[in-house]
Amino acid sequence: MTGQVYIKDLRLHAYHGVMEQERKVGNDYVVNVCVDYPLQRACATDEVGDTLNYAVLADMVKSEMSKPSNLLEHVAGRIADSVIARFPDAEAVTVDILKVAPPISVDMEGAGVRITVNRKHIKR
């Protein structure tokens, strides 16, 4: 049995972007992370050690978001890589990062990126 452990709508302020102003003032972001993970053991044992702890996952996201980058693609890739490295049973991870108020002159909710990394496609 595989299920998903996820973080939904984690709100953070961070300093990503190619414009100098974005790096100084920062922006608000909404991050979603979904990890395909074998959950049969946790379903049977009711032990947090038998699952992917979403509190740890949230801390990992916060840590990667705190490192300024030009591109959200780079941040999303770092988050995905850190999840795959930290949780050897993770089968895939999807990272969605929304920049709430990008510095462009159109009316929108935000702009962002979504990536999915599958462990089976990682070259070793």
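Bear in mind the structure is a predicted one, so any value in this text is a computation, not a measurement.
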Membership question, hydrophobic clusters at under 4.5 Å side-chain separation (ILVMFWY): are [Y] and [X] in the same one?
X      : Y      : result
Val31  : Val100 : no
Val33  : Tyr54  : yes
Ile7   : Val56  : yes
Leu72  : Val30  : no
Val113 : Met60  : yes

Counting neighbours of [atom1] on [X] that are heavy atoms of other residues, nucleotides or ligands and sit closer than 6.0 Å, is the number greater than 12?
X     : atom1 : answer
Asp46 : CG    : no
Lys67 : NZ    : yes
Tyr15 : OH    : yes

Donor-acceptor contact present, side-chain [X] to main-chain [Y], <3.5 Å:
X     : Y      : value
Asn27 : Ala101 : yes
Asp28 : His13  : no
Arg11 : Asp9   : yes
Asn53 : Ala55  : yes
Ser63 : Asp59  : no
Thr51 : Val48  : no

Heavy atoms only: give me the nearest [X]-[Y] pair and the separation to one decimal.
X     : Y     : value
Leu39 : Gln4  : CD1-N, 3.9 Å
Arg78 : Ser69 : NH1-OG, 2.6 Å
Met1  : Cys43 : SD-SG, 3.9 Å

Do the side chains of [Y] and [X] get nearer than 4.5 Å, heavy atoms only?
X      : Y      : answer
Val93  : Arg119 : no
Met65  : Ile97  : yes
Glu73  : Ile115 : no
Pro103 : Gln21  : no
Asp89  : Arg41  : yes
Tyr29  : Val75  : no

Practice problem: Give the intermediate values and the outcome of side-chain contact (heavy atoms from CB on, under 4.5 Å) for residues Val83 and Val117. | Solution: CA-CA 10 Å; Val83 170; Val117 175; over 6 Å; no
